[in-house]
Amino acid sequence: MSDLVVDVLTGAVRGGTAIMFAALGETLAERAGVVNLGTEGSMLVGALAGYAVAAETGTPWAGLAAGLVAGGLLALVHAVMVVWRRADQFATGLTVMFLGLGLTSLFGAAYVGRAAPGFDPVAVPLLSDLPVLGEVLFHHDPVTYLSFAAAPLMWWWLRGTRGGLLLRTAGERADVLHVHGYRPGLIRGAAVVAGGALAGVGGAQLATAYAHAWFEGMTAGRGFIAVALVIFAVWRPLWVMAGSYLFGAALALAPALQARGLSLNQFALDALPFLITLAILAILGRRTLRAAPEELRRVFT
Amino acid sequence: MTLTDPRTGAKTDIPLLAVRGLTRRFGEVLANDAVDFDVRPGEVHALVGENGAGKSTLLKLVYGVHRPDSGDISVEGSPVTVGSPAQARSLGIGMVFQDLRLVPALSVTENIALAVRGVKARMIADAAAEHGLAVDPQARVSHLSIGERQRAEILKVLMTGSRIVILDEPTSVLAPQEVTALFAVVERLRATGYGVVIVTHKLNEVRAIADRVTVLRGGRVILGGVDPGNYTDAELVEAMVGRAVPSLPSERPAPPDGAAAVLALRGVSAYGESGVIRLKDVTLEVRPGELVGVAGVAGSGQRELCEVACGLRPASSGVVTVAGVEVTGPRQALAGGVCDVPEDPLADAVVPGLTIVEHMALGLPKVPRRRANVDWADVRRITTELEERVGLQMAAGHRKVAELSGGNVQRVMLTRALGRGDSVLVVAAYPSRGLDIATTRRTQELLLERRAAGAAVLVVSEDLDELISISDRIAVMHDGHLAGIVPARGADRQEIGSLMLGGAR
Ligand SMILES: Nc1ncnc2c1ncn2[C@@H]1O[C@H](COP(=O)(O)OP(=O)(O)O)[C@@H](O)[C@H]1O
Ligand SMILES: [Mg+2]
């Protein structure tokens with residue numbers, strides 16, 4: 001039984017990492033006052049770019065960088081539309097998501113079934129020998145180790161730095177920035193692009209470290225889970241981290257049970273992450289909206 | 001720059017800020033018409049005038065929010081052009097806007113850091129102590145009272161190095177005690193050589209704080225930088241309004257004795273917005289033809305009292321009756337002929353996206369219809385009729401409420417509530433908030449008219465003078481309790497003040 005727990009926890013970290021990158025990216029955008037439903041698209045282009053570049057160059061790190069750029073570029077479309085053209089955020093975000101889906105199925109066909117070098121798990125010396133924790137946290141790929149620092153870094157950056165302050169102000173009262181001679185549009189745009197880049201990294205991690213493959217639509221709604229996650233993590237990076245692992249655990253439960261010969265209904269298990277999302281949103285109810293950045297609340301209402 | 005000439009002790013004559021012939025049009029409106037204005041170091045210059053006189057426009061021209069069509073601005077004797085607020089700040093001009101511009105979700109320190117690079121909580125605490133501004137630098141702005149927010153904003157302006165501090169209607173949002181605290185800060189700024197411009201509607205404030213006063217009306221300077229000591233109240237009011245404003249009749253027939261109360265609260269308690277008890281065991285009656293004023297420090301239960309009377313908030317214990325019928329919801333209250341002027345219309349009673357005429361339709365007891373549709377022509381006719389009867393000059397009927405200033409929204413609320421001739425109970429929370437002298441007077445007359453017509457009237461106000469001049473009795477609230485009821489005639493302010501603060505009678 002404790003074996004099952006370790007398996008699920010390890011799987012939580014493995015499967016939650018991509019979601020965490022995407023959700024941290026969405027956190028940046030939303031803290032600046034922009035909802036980006038295109039996150040799923042950024043993950044997809046990040047996954048394909050990451051896999052393809054890893055395949056062509058032979059180094060997964062180049063793939064990771066490509067995922068970052070691709071995710072950021074797709075988010076740039078969203079940024080230009082909603083920040084400078086003031087288009088509707090929801091409609092634009094969904095369209096951008098489908099754009100990502102379309103682009104990746106067009107250019108991705110060649111990479112389906114093709115092998116590419118990826119990130120392999122590296123046991124951290126000493127730490128990996130710890131009981132339970134060693135197994136759960138320190139037998140992962142290098143990108144996952146990077147992700148451990150991402151949420152605390154973002155927490156610190158938002159809270160403690162000038163850039164973080166400007167970004168938060170853009171999400172709360174953009175007018176105030178204007179009065180102080182800043183350009184809120186630029187700050188928001190940058191946040192959306194940076195957020196997309198993070199989602200792209202998440203996608204690349206998914207393809208090159210988790211699945212070691214590319215196939216069409218491989219993100220399977222993780223980008224949307226990320227959007228929901230940001231809301232119920234009340235826009236806080238550290239809660240986002242915890243939430244991502246919760247989803248990772250939900251994803252890991254099915255294989256862990258199957259490996260033990262317990263066959264539950266496959267469809268029910270696939271639906272589990274979404275059921276969890278709904279349950280949490282229902283429990284939190286209006287409470288989440290009250291914690292929302294002000295400019296964002298204006299988008300929702 | 002020297003504050004005073006060391007030999008003679010006289011104030012120097014070079015103004016910190018001077019404008020000449022400033023003109024600015026908004027479409028058809030000449031908001032500022034060749035305005036001259038100046039501020040010297042170590043003085044407080046009051047800028048007064050009715051709503052729409054052009055005060056905010058003048059300040060926004062100086063602060064670089066708008067560009068003048070013509071005219072010159074100079075700072076310490078040298079001509080400047082002010083292209084943006086950032087530039088104004090670099091010239092030493094700081095402005096505290098009417099609607100405070102702090103970000104609620106950020107701390108005081110973070111807000112100030114937006115304007116002053118690299119500022120630390122320590123430096124803010126030091127500056128706060130230096131200027132006598134009590135603010136906690138670590139506190140989140142959303143947790144601060146309006147008075148504290150204002151102090152934080154003033155601090156921000158001072159920390160950007162401003163020598164000229166412009167305050168646009170700073171007292172209109174403050175309780176009386178907070179006004180006293182604000183004026184202490186302003187005194188200190190004056191004493192340390194700052195030039196302060198303060199906008200207000202209230203003459204007693206001009207007298208309390210200003211060295212000079214400029215009166216604007218219709219965009220033009222009526223009195224330019226004069227010593228208020230040389231003018232009587234009536235003269236200043238006439239300069240502002242453009243005609244003499246007679247004082248309210250002080251003799252009024254007493255409310256009829258022995259009539260059954262229209263509004264009766266018996267041992268009523270109620271929860272506030274945040275789920276704590278805000279109204280505690282209040283028993284109060286308002287009879288027909290009687291006007292009861294409600295005094296109290298802001299947040300002492302006045303809001304809950306009004307809402308309970310209008311059926312907008314359930315009583316957690318006790319009974320509320322209007323004309324003998326128990327009130328259990330807004331429907332009963334409306335049917336009983338209650339009309340209500342809400343405390344914060346923007347938050348509670350208006351739909352920002354709807355027009356004035358649409359708001360009037362919402363408030364009508366029976367909406368005129370033509371077959372299945374609302375008969376908008378008829379609603380417009382009724383609106384005009386109400387407006388004429390009430391005489392509060394609303395903005396054009398097709399304007400959306402979201403576009404109106406606070407004073408103009410208030411006019412819509414008042415016209416809607418007081419235009420109804422058949423109500424037996426009028427509940428008005430801060431009816432004159434944000435209104436200028438002429439409109440305030442008209443509002444008070446309207447409330448007294450409803451009283452004279454036999455309605456019971458309940459008025460909440462933070463202005464004791466107003467309450468004393470229009471009420472029959474004054475109910476003083478403290479921490480949700482009714483601390484006492486005193487007759488308005490010959491009321492003793494000291495007594496009311498100590499009741500407000502919870503002292504015994
Ligand atoms: N941005 C604007 N656009 C159009 N009209 C304006 C604008 N600002 C002010 N006005 C008009 O200019 C006049 C003066 O307004 P304002 O300076 O705000 O008056 P005050 O502050 O004295 O109440 C009013 O008639 C107002 O409607
Ligand atoms: Mg104004």
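All values below were derived from every heavy atom in this structure, side-chain atoms included, with hydrogens, water molecules and symmetry-related copies excluded. Everything numeric here is computed off the predicted structure, so don't read it as measured data. Below, chains carry the letters A, B, ... as their sequence lines are ordered, and counting in each starts from 1.
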TODO: Decide if atom CZ of A:F90 counts as having more than 12 heavy atoms of other residues, nucleotides or ligands within a radius under 6.0 Å.
DONE: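 Enclosed.
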- [ ] Check whether more than 12 heavy atoms from other residues, nucleotides or ligands sit under 6.0 Å from atom OH of B:Y271, and answer yes or no.
- [x]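 Open: at most 12 neighbouring heavy atoms sit under 6.0 Å from OH of B:Y271.
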Task: Inter-chain contacts: residues 148-169 of chain A against chain B, heavy atoms under 4.5 Å - done: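 Checking residues 148-169 of chain A against chain B gives A:R159, A:R162, A:L165, A:L166, A:R168, A:T169.
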Task: Least distance between heavy atoms, A:R173 atom then B:V103 atom - done: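 Looking at all heavy atoms of both residues, the closest pair is CB-CG2, 4.0 Å.
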Please list every donor-acceptor pair under 3.5 Å in which a side-chain atom of residues 221-237 of chain A meets a protein atom from a residue at least two apart or in another chain.
residue: A:R222; atom: NH1; partner: A:T219; partner atom: O; Å: 3.2
residue: A:W235; atom: NE1; partner: A:E30; partner atom: OE1; Å: 2.7

TODO: Answer with side chain, backbone, both or neither: which region of B:R89 has an atom nearer than 4.5 Å to a non-hydrogen atom of chain A?
DONE: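 The answer is the side chain of B:R89.
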Open item on the list: Taking side chain as everything from C-beta outward and backbone as N, CA, C, O, which of these in B:L114 sits under 4.5 Å from a heavy atom of chain A? Side chain, backbone, both or neither.
Closed with: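 Both backbone and side chain.
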- [ ] Name the member of B:A113, B:G118, B:A86 that forms the most heavy-atom pairs with chain A at distances under 4.5 Å.
- [x]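 Max contact count across the listed options: B:A113.
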Open item on the list: Heavy-atom pairs under 4.5 Å with chain A: which of B:P104, B:A105, B:P85 has the most?
Closed with: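 Heavy-atom pair counts peak at B:P104.
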